[in-house]
Amino acid sequence: MTIDETSGVTFQHSVDLMVKRAMDALDLDPGTARAIHGCGSVLKVQFPVKIRGTVEVITGWRAVHSTHRLPSKGGIRYTPHVNQSEVEALAALMTYKCALVDVPFGGSKGALLIDPSQYTRDEMQLITRRFTLELARKGFLNPATNVPAPDMGTGQREMAWMVDTYKHLHPEDINYLACVTGKPVHQGGIRGRTEATGRGVQFALQEFFRHADDVERAGLSGGLDGKRVAIQGLGNVGYHAAKFLSEEDRVKVIAIIERGGVLIDDNGLPVEEVYRHMVEHKSVAGFPGVKFDSNGAGALELDCDILIPAAMENQITSANAGRIKAKMVVEAANGPVTFEADEILRHRGVTILPDVFVNSGGVIVSYFEWIRNLSHIRFGRLQRRHDEVRNNQYTALLEQLTGEQIPAETKRWLNRGVDEIDLVRSGLDDTMRNAYQEMREILATNDKVIDLRTAAFTIAIRKISYNYLDVGVY
Ligand code: NAD
């Protein structure tokens, strides 16, 4: 069980304390608070699979924290370090995340207690299909009620197996593709989903840096350009966030912390090359030309502008929070900062962009994918060529009226009709910007809202509470 080493508070209790702080700020009536707070239901499964001639019994969970909106939504992780309490805490975070960013889903989360690196591809397929059967037969997998997505240790591949298993169980369900999100594009996925969470981290930071007051309050100045960033975890979320921020916003990724150690280069690490090295060697160790230190956790305390924990929960605890030197902590992972650490960092003036906001890109684009699956058509398919013809007419008219030639490259850009990836990015960017603006607004106007995390939870809880106030308890 992951706990804050010094205080002994578990991850779930840590989330509860953060939620309670927001409920207190809202003066929520205790009945509504209790209704929102508790985890609705949890399925625990134990199923046998035959691996290399031996029967193994595998344990898994799917927690449904809330059903005030349906389906309930949340990733499935495969890891040897997980328990029911953590799955419930992660499901709760999904509830607040969806409400914050106006994604009309309840919150859910699932996990299998396995180490994926110990199994072949075929074995992973067997395990995933067997888990899918358990979920579907027990009502925890369905396009209308419960829709998983990838998380730690899972990706497009697992989602493709899950959707295929569900399809064979329910061939009559015309919406079967919508039973999971994060699928490969050729299996009903949406362009931009794989990188969505990392892209969302980038959009969150871009929006933060549009507000000079907030930047100044964090003890920083200017824009993202040249900011010194340390990132923990070069998996799906961390890799994409580091790649986009370094390539498009010109931040300097001065440290990449992975299992087994950290790479450090004050001039900025080449993210793509480090990633390729890691995929090939299963480690960042041995990457040529830069410093490697086997004390990865210690590198969280490096002097930098922005620290992005993008690996797992409970990384900044009361044991190391006092030594964190970053001016900002951007929670790309779920729950990387414990409640006590959160308090310590706030008192030390460190700005935290909270997980329920920062890593919501995944569920936002999952929402787009789910809509795409239900509408059975790719976004942009109907209007793209129509827009192109229209834009051609406008630019031709502009040239005719001004007597000037628009440069060819600009004209190509102006004339093109939008396609799916443009719409996905635009919808994601818009959602992240709106959420941040709502958070800073409530922070500025409610004295009981002490930081951006409380702001995020307060907004989410207020939205969910309307549901109980409007329709009551059934
Ligand atoms: P992943 O499995 O693709 O990557 C995690 C990476 O972190 C791996 O490279 C792993 O080696 C590394 N890592 C694990 N423990 C570490 C440690 N102690 N120190 C350094 N590195 C460590 O997982 P992911 O999908 O990128 O998820 C990362 C985090 O983001 C999780 O908290 C997850 O819940 C959260 N998240 C993921 C998504 C998504 O769309 N994948 C969406 C929202 C939130």
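Counting starts at 1 for both ligands and their atoms, following the listed order. No experiment lies behind these values; they were computed from the predicted model shown. Position 1 is the first residue of the sequence, and the numbers go up from there.
- Considering only non-hydrogen protein atoms, atom 9 (O) of ligand 1 sits nearest to E258 OE2, 2.5 Å.
- Aromatic rings from F287 and H281 are positioned such that their centres are separated by 6.0 Å or more.
- Remark: minimum distance from atom 13 (N) of ligand 1 to any protein heavy atom is reached at A311 CB, 3.7 Å.
- The protein heavy-atom contact nearest to atom 35 (C) of ligand 1 is N334 ND2, 3.7 Å.
- For the residue pair Y119 and E56, a side-chain donor N or O sits within less than 3.5 Å of a side-chain acceptor on the partner.
- Here A332 has backbone heavy atoms under 4.0 Å from ligand 1, and that is the only part of it that gets that close.
- Looking at E313 against ligand 1, nothing comes within 4.0 Å, counting heavy atoms.
- Within ligand 1, the atoms closer than 4.0 Å to a non-hydrogen atom of I257 are 20 (C), 21 (N), numbered from 1 in the order shown.
- Counting only heavy atoms from C-beta outward, the side chains of F457 and V356 approach each other to under 4.5 Å.
- The aromatic rings of F131 and F47 sit parallel, their planes meeting at an angle under 30°, below the 60° perpendicular limit.
- You'll find the ring centres of Y166 and Y176 outside the 6.0 Å limit.
- Under the 4.0 Å criterion applied to side-chain N and carboxylate O atoms, D429 and R433 are assigned as salt-bridge partners.
- In this structure, atom 21 (N) of ligand 1 lies nearest to the protein heavy atom R259 N, 3.4 Å.
- Nearest protein heavy-atom contact of atom 40 (O) of ligand 1 is T197 OG1, 2.7 Å.
- The residue from D151, T194, T181 that puts a heavy atom closest to atom 33 (C) of ligand 1 is D151.
- Atoms of ligand 1 found under 4.0 Å from any heavy atom of M312, numbered from 1 in the order shown, are 15 (N), 32 (O).
- For the 3.5 Å distance criterion, the side chains of R121 and Q125 fail to qualify, holding no donor opposite an acceptor.
- Here is the list of ligand 1 atoms found below 4.0 Å of a heavy atom in G153: 2 (O).
- For the residue pair D122/T120, the side-chain donor-acceptor check at 3.5 Å is not satisfied.
- Contact atoms of ligand 1 toward N359: 43 (C), 44 (C) (distance under 4.0 Å to a heavy atom of the residue).
- Using modelled atom types and a 3.5 Å distance limit, the side chains of N359 and E331 yield no donor-acceptor pair.
- Applying the salt bridge (Lys or Arg N to Asp or Glu O under 4.0 Å) test between E420 and each of R193, R191, R378 identifies R191 as the sole match.
- Atoms of ligand 1 found under 4.0 Å from any heavy atom of A310, numbered from 1 in the order shown, are 28 (C), 29 (C).
- Interface atoms of ligand 1 facing R77, defined by a heavy-atom separation under 4.0 Å, are 31 (C), 32 (O), 33 (C), 34 (O).
- Here is the list of ligand 1 atoms found below 4.0 Å of a heavy atom in R193: 40 (O).
- In this structure, atom 5 (C) of ligand 1 lies nearest to the protein heavy atom G235 CA, 4.1 Å.
- By the 6.0 Å and 45° rule, R199 stacks over the aromatic ring of F244.
- In this model, a donor atom of one side chain and an acceptor atom of the other lie less than 3.5 Å apart for T128 and Y78.
- Protein heavy atom at the shortest distance from atom 17 (C) of ligand 1 is Q232 NE2, 4.0 Å.
- For atom 37 (C) of ligand 1, the candidate residues are V356, L234, V237, N236; the nearest heavy-atom contact is made by V237.
- Of the protein's non-hydrogen atoms, Q315 OE1, 3.8 Å is the one closest to atom 18 (N) of ligand 1.
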